[in-house]
Amino acid sequence: SRAQFFSLSQDLFVTLAADGRVTHVNPAYERLLSRPADEVVGVDYRDTLHPDDRARSEPVFRAALQGAAESDFVCRVRNAAGGYVPISWTVTRTPGDRAVYAVGRALDEESQRRRQQRERETFFSLSKDLFVSFNEDGAITHTNPAYDDFFGYDPKRSAGKSYLTK
């Protein structure tokens, strides 16, 4: 049954009303954040988020109300001790239903590190600015496409060479 599915999941399940009030959380949410459902149900979801994440969450919620889906949206949710847990959310709405459904998974330190590394790589690869990284010996460890194009370097051939020579 649906209730059993919700209760067995290790992922966090949250249902939100169109006005942003929490209408349902599953036991995984209660366990991870040490907050019983009756403490969260009826509360505006924004009040459960880190203050710095509230404004970023609003467009995601509004888009979900319009039928858009967002995946891998990370925001920090307050736990019972007053700390914040980073959670990666998938947020969507079912056609014909005004409720917004969110499925979340806590990010451990390794997941956060990998995510930050992917974001850095994306930033550097898409940037029109020239970027080059060196190790402590002055050897090139990484260049971005703009750098390679500008100087005519082959990144595979320039990696490991000193920045003092071409």
Side-chain angles (χ1 to χ4, degrees), residues 9-16 18-20 22 25-26 28-29 31-33 44-79 81-95 97-166:
S9 177
Q10 297 299 306
D11 289 333
L12 286 64
F13 292 163
V14 179
T15 306
L16 305 171
D19 64 0
V22 175
V25 297
N26 71 335
Y29 182 101
R31 280 190 301 274
L32 179 69
L33 300 170
D44 189 302
Y45 83 92
R46 296 164 198 89
D47 294 335
T48 69
L49 302 181
H50 188 283
D52 293 343
D53 295 340
R54 291 176 186 164
R56 287 187 319 102
S57 73
E58 189 62 27
V60 173
F61 177 69
R62 293 284 165 224
L65 284 174
Q66 299 303 315
E70 175 83 26
S71 59
D72 202 23
F73 174 73
V74 176
C75 63
R76 294 159 291 178
V77 179
R78 188 176 57 246
N79 63 21
Y84 290 90
V85 179
I87 298 175
S88 175
W89 295 98
T90 298
V91 184
T92 192
R93 178 180 70 82
T94 304
D97 188 353
R98 290 292 293 164
V100 171
Y101 300 94
V103 178
R105 182 169 290 172
L107 295 177
D108 60 17
E109 287 184 30
E110 179 61 21
S111 297
Q112 289 183 66
R113 188 194 62 72
R114 284 192 311 267
R115 178 185 179 76
Q116 290 170 342
Q117 179 66 27
R118 282 192 310 270
E119 289 172 353
R120 266 193 306 276
E121 288 171 2
T122 299
F123 172 78
F124 287 124
S125 69
L126 297 177
S127 177
K128 300 297 181 197
D129 293 326
L130 309 180
F131 288 103
V132 60
S133 300
F134 306 98
N135 66 17
E136 60 276 356
D137 297 323
I140 296 171
T141 58
H142 179 78
T143 59
N144 73 333
Y147 181 93
D148 299 332
D149 292 344
F150 184 82
F151 288 108
Y153 287 164
D154 175 356
K156 290 182 177 82
R157 289 184 42 214
S158 61
K161 295 196 174 180
S162 170
Y163 72 91
L164 299 173
T165 62
K166 182 169 180 176

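Throughout, residue positions are numbered sequentially from 1 according to the sequence presented.
Using a cut-off of 4.0 Å between Lys/Arg side-chain N and Asp/Glu carboxylate O, E58 and R54 are scored as not salt-bridged.
Nearest heavy-atom pair across A28 and Q10 is CB-O, 3.6 Å. Minimum heavy-atom separation, G104 to I87: CA-CG2, 3.7 Å. Contact detail for L130 and A146: the closest heavy-atom pair is CD2-O, 3.2 Å. Scanning both residues, F73 and S57, for their nearest heavy atoms gives CZ-CA, 3.6 Å. When all heavy atoms of D72 and T90 are compared, the pair lying nearest together is N-OG1, 4.3 Å. Looking at every heavy atom in both residues, R76 comes nearest to D53 through N-OD2, 2.7 Å.
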From CA spacing to verdict: side-chain contact (heavy atoms from CB on, under 4.5 Å), F150, N144: CA-CA 10 Å; F150 184 82; N144 73 333; over 6 Å; no

V100/T15 under side-chain contact (heavy atoms from CB on, under 4.5 Å): CA gap, chis, key distance, verdict: CA-CA 6 Å; V100 171; T15 306; over 6 Å; no

Worked check of side-chain contact (heavy atoms from CB on, under 4.5 Å) between Y147 and D149: CA-CA 6 Å; Y147 181 93; D149 292 344; over 6 Å; no

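Once rounded to the nearest 0.5 Å, the distance linking CZ of R56 with CG of L49 reads 9.0 Å. To the nearest 0.5 angstrom, L33 atom CG is 10.0 Å from R78 atom CZ.
Listed by chain and number, the residues in a side chain to side chain contact (heavy atoms under 4.5 Å, CB included) with A68 are A63 (sequence neighbours excluded). D44 is linked by a salt bridge (charged side-chain N to carboxylate O under 4.0 Å, His left out) to R46, counting only residues two or more places apart in sequence or in another chain.
V14 is listed as a side-chain neighbour of Y29, based on a closest heavy-atom distance under 4.5 Å. Side-chain contact check for V77 versus W89: some heavy-atom pair is nearer than 4.5 Å.
Counting only residues at least two apart or in different chains, salt bridge (Lys or Arg N to Asp or Glu O under 4.0 Å) contacts with residues 122-136 are absent.
R98 places no side-chain N or O within donor-acceptor distance of the main-chain N or O of D19, the cut-off being under 3.5 Å. Panel note: side chain N26, backbone L12; no donor-acceptor pair is recorded below 3.5 Å. Side-chain atoms of R62 never come within 3.5 Å of backbone atoms of Q66 as a donor-acceptor pair (strictly under, hydrogens ignored).
The environment of CZ in R105 is sparse: at most 12 heavy-atom neighbours from other residues, nucleotides or ligands sit within 6.0 Å.
Using cut-offs of 30° and 60° on the angle between ring planes, the pair F61 and Y45 is tilted.
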